[in-house]
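First up is the structure itself, then whatever we jot down about it.
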Amino acid sequence: MTLFKQIIIVLSIFQTFIFGAVMWFNFMSSNEYVTEQAYTDALHTANSLGLSISSVASFDDVSTAETMINSVFDSGYYSLIMLEDINKEILVKKEQEVVVLDVPAWFIRYVKVQVPIATSEIMLGWTPYGVLSVQLNSGHAYRQLWIIFKDVLAIFVVVSIIGFFCLQMILRIILRPLVRVREQAEAILKSDFIFQHNIPFTKELKNVVSAMNSMVKKVKEIFDKEAEAVRRYHELLYQDTVTKMYNRRYFNIKLHEYLTSEATNAQGALILISLNDFEGLKSNIGYEKSEAFIKEMAGCITKATENQKEYVSAKLNDTDFAILAPSSSPEAFEALCQEINSLVKDLTKRYELNEKEHFINIGYAKYYAQSDSKEIFSKADFALASSKAKGAFNINHFIDEANDEVHLLLGKEAWTHELKSAMEQKRFKLAYQNVVSCDAPSETFHSELFLRLEDYNGHLHNAGYFMPMVMELKLGAQLDHYVVQQAQEILSQKIFTCKALCINLGKEIFMQSNDWDWLEESLEGFKNMGVKELYFEMPNLIDMPTHLLTKFSKDLHRYGYGFGIDNFTITMDSLELIQQINPDYIKIQASYMLDLFGENLLDAPNRSLGIITDSMEIKVIVTNVENNEQKEKLTKMGIKYIQGSLIAEPKLIG
């Protein structure tokens, strides 16, 4: 029970007790007043009637006295009028049963009104004649008390209600800082650091808020410090100090990641860019200006690729640059190379360089899923050498007839028909691969779903074969619908059972409002099916508004499901992303993780990453684990969950 409710209950009980006591004492006072008033009226009647009787009474005849008593009694205000002689013998007695109208029976039963009897002595001259006793009808007293009771009760109820709402409003104002303190504490769990600027005037609450602000400040400083340590270490390891581009080391890791991927980046081009005669450039314009030229040339490459988040550009050495461009469109590669050519040409003009001496050459080769990285580099190098042989600012493409013939066999229209018919005919098959505990491989964290395309010859192709065309043809949302529907089908029909299911989604399903609504209905469907553990996963730094990811993550948590980020890399953008979204887990490639922290398993950056993820309760899952050596190193690094061919290759469902 909240503090607010406890205080409200206690104060309400206290208020009810106080008002009830006041009401009770008021009512009892009214009862006493009515009783005294009844006695006073009865006494006045006894005295006046006694005087009247004494003027006409005689010891031999009481009829006159009786007549006078009858006339008074018949008014109905009295329950008893009795005349006794000096020997206590009753001479005249008039009595009637009390009948109370307009007063509830329960009120008469529980409220006792004792109307006193007033007496008056009657004298005939100096001789005592008798005693006259008068008692008022108690019904009048009950009626007066009932009216008083109703008025007091109405006032009590009105005052209690007003008091309750005033008390509630005052307490809300007073305790509002505590609500914000609670919000601060909840926000810290999500790594959202909120400061209270409205300091309460109550001393105790002021101290609590000030202490909470201090704690939030310190926690934020720790988080920022650790995030900065990891980011800085990442930059030192993978960034060129002059151009701030990625270096060859990082480029090789990303190339391996893309070649083993089952997403859209599984196809693309490796583009090499080489500057001619760097030594001559330094001789002509000097070391300082040549460094500035290289830096601006790197800026040209970055500018040409800045709108493509999955593109990776790197500086391989003093004069050579490379771009990893995931795409299935040859036109996109040509357009990118032409743009870089144009930007660098303008740069050489600004530096007043001779274009026949200082120029660039570009060569590129296409890569496909599961290709060999050394072979791809050899093809790109051959294309670059051919470009250099043709002269300044030449662009050359390595033609791989064997691979190109296989992958370009279908045109766009044919691909569209093939992909749509595969969904209609359910030739897209679901496969799964488990994420398991390092310490206990039999303990499964979740089972991730993968897609396989079965062609008309019965051959299965992994997602890297068809996903680039799916994205180019804008069929991503439709395919996500298919996967979710198939997942519901295999779960409802008990074709596949698992501890927890993981489904990969692309951005297209979120960028269309109807698809967003459909996805929420799907979550309801999973919930109604009794699915207790379900995760949805998206690639790192996906090109979509962060607020949509945040909304989706919150919706998943509202349903009791989880959200994960795949292919996580440590950059400032990605660290800010997990701080805003607060995912349940992040997946990091084994080659990247081991290269980043493998040289010293207990170094500060590794601990910093652990502090960040542990403080946010984010699980770290390392993927593409291929051998026991990798697993042992990861275990020493404190990694608890792994996924990869070491455990098992993806298996078809059904």
Side-chain angles (χ1 to χ4, degrees), residues 234-235 237-240 243-274 298 301-302 304-306 308-317 319-330 332-333 336-337 340 362-385 396-398 400 403-404 407 462-465 467-468 471 539-541 566-571 574 587-598 622-627 630 644-645:
H234 185 273
E235 288 182 357
L237 196 62
Y238 295 128
Q239 279 192 358
D240 178 69
T243 62
K244 302 302 179 185
M245 295 179 75
Y246 289 118
N247 57 21
R248 178 185 284 272
R249 183 173 186 172
Y250 183 80
F251 190 84
N252 288 336
I253 291 172
K254 295 303 287 185
L255 178 59
H256 174 74
E257 176 190 318
Y258 283 14
L259 293 176
T260 57
S261 173
E262 296 211 12
T264 56
N265 51 26
Q267 287 186 29
L270 171 59
I271 303 172
L272 297 180
I273 304 159
S274 180
I301 297 172
T302 302
T305 59
E306 63 184 355
Q308 301 291 337
K309 288 194 174 183
E310 289 194 331
Y311 282 26
V312 180
S313 54
K315 182 184 177 186
L316 303 182
N317 52 47
T319 60
D320 294 334
F321 298 83
I323 301 174
L324 199 56
S327 176
S328 60
S329 171
F333 309 140
L336 176 61
C337 293
I340 294 171
I362 302 176
Y364 68 91
K366 294 180 183 178
Y367 71 84
Y368 302 98
Q370 308 304 319
S371 300
D372 182 73
S373 59
K374 291 182 180 179
E375 183 182 351
I376 297 298
F377 257 111
S378 296
K379 292 176 181 178
D381 280 332
F382 183 84
L384 181 61
N396 192 60
H397 165 219
F398 180 86
D400 187 350
N403 279 323
D404 288 352
H407 289 85
N462 69 10
Y465 173 76
M467 279 306 296
M471 303 311 296
N540 182 44
L541 296 178
D566 193 16
N567 293 327
F568 187 80
T569 54
I570 299 169
T571 63
S574 60
K587 286 185 176 180
I588 303 177
Q589 288 270 337
S591 56
Y592 173 66
M593 189 75 177
L594 291 172
D595 188 73
L596 185 62
F597 301 122
V622 177
T623 60
N624 292 88
V625 179
E626 299 172 351
N627 52 60
Q630 289 180 328
S645 58

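For the single chain, residues carry numbers from 1 onward in sequence order.
Here the side chains of Ile340 and Phe321 are not in contact, with every heavy-atom distance at 4.5 Å or above. The shortest side-chain heavy-atom distance between Thr305 and Leu336 falls under the 4.5 Å cut-off. For the pair His397 and Lys366, the minimum side-chain heavy-atom distance is below 4.5 Å. The closest side-chain heavy-atom distance from Asn252 to Phe377 is below 4.5 Å. Within the 4.5 Å cutoff, side-chain heavy atoms of Glu257 are placed close to those of Asn567. Between Val312 and Leu255 there is no side-chain heavy-atom pair separated by less than 4.5 Å. A 4.5 Å side-chain heavy-atom check between Thr569 and Lys254 finds at least one atom pair inside the cut-off. Using a 4.5 Å cut-off on side-chain heavy atoms (C-beta onward), Ser373 and Leu259 make contact.
A search for ring-ring contact (aromatic ring centres under 6.0 Å, His included) contacts involving Tyr238 returns His234, Tyr250, Tyr592, not counting sequence neighbours. Residues meeting the salt bridge (Lys or Arg N to Asp or Glu O under 4.0 Å) test with Asp240, sequence neighbours left out: Lys315.
Residue Asn624 holds its CG atom at 8.5 Å from OG of Ser261, rounded to the nearest 0.5 Å. One distance of note links CD1 of Ile273 with SG of Cys337; it measures 7.0 Å at 0.5 Å rounding. From Asp372, atom CG reaches atom NE2 of His256 across 11.0 Å, with rounding to the nearest 0.5 Å. For the atom pair CD1 of Ile376 and OH of Tyr368, the computed distance is 8.5 Å after rounding to the nearest 0.5 Å.
Contact between Leu237 and Asn247 at its shortest, heavy atoms only, is O-ND2, 2.9 Å. Taking each heavy atom of Gln267 and Tyr465 in turn, the nearest pair found is NE2-O, 2.9 Å. Ala365 approaches Ala380 most closely through the heavy-atom pair CB-N, 3.7 Å. Across all their heavy atoms, Tyr364 and Ala269 have their closest contact at CD1-CB, 4.2 Å. Taking each heavy atom of Phe333 and Ala325 in turn, the nearest pair found is CE2-O, 3.5 Å. The minimum heavy-atom distance between Ile301 and Ile323, with the atom names listed, is CG2-CD1, 3.7 Å.
Within 6.0 Å of the CZ atom in Phe382, the count of heavy atoms belonging to other residues, nucleotides or ligands does not exceed 12.
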Evaluate side-chain contact (heavy atoms from CB on, under 4.5 Å) for Leu270 paired with Phe398, printing each intermediate quantity in order.
CA-CA 10 Å; Leu270 171 59; Phe398 180 86; over 6 Å; no

When you look at Gln589 and Ile253, which way does the side-chain contact (heavy atoms from CB on, under 4.5 Å) test go after all the steps?
CA-CA 9 Å; Gln589 288 270 337; Ile253 291 172; 5.8 Å; no

Chi angles and distances behind the side-chain contact (heavy atoms from CB on, under 4.5 Å) call for Asp320, Leu272
CA-CA 7 Å; Asp320 294 334; Leu272 297 180; over 6 Å; no

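Judged by distance alone, with hydrogens and angles left aside, the side-chain atoms of Asn396 form a donor-acceptor pair with the main-chain N or O of Ala383 at under 3.5 Å.
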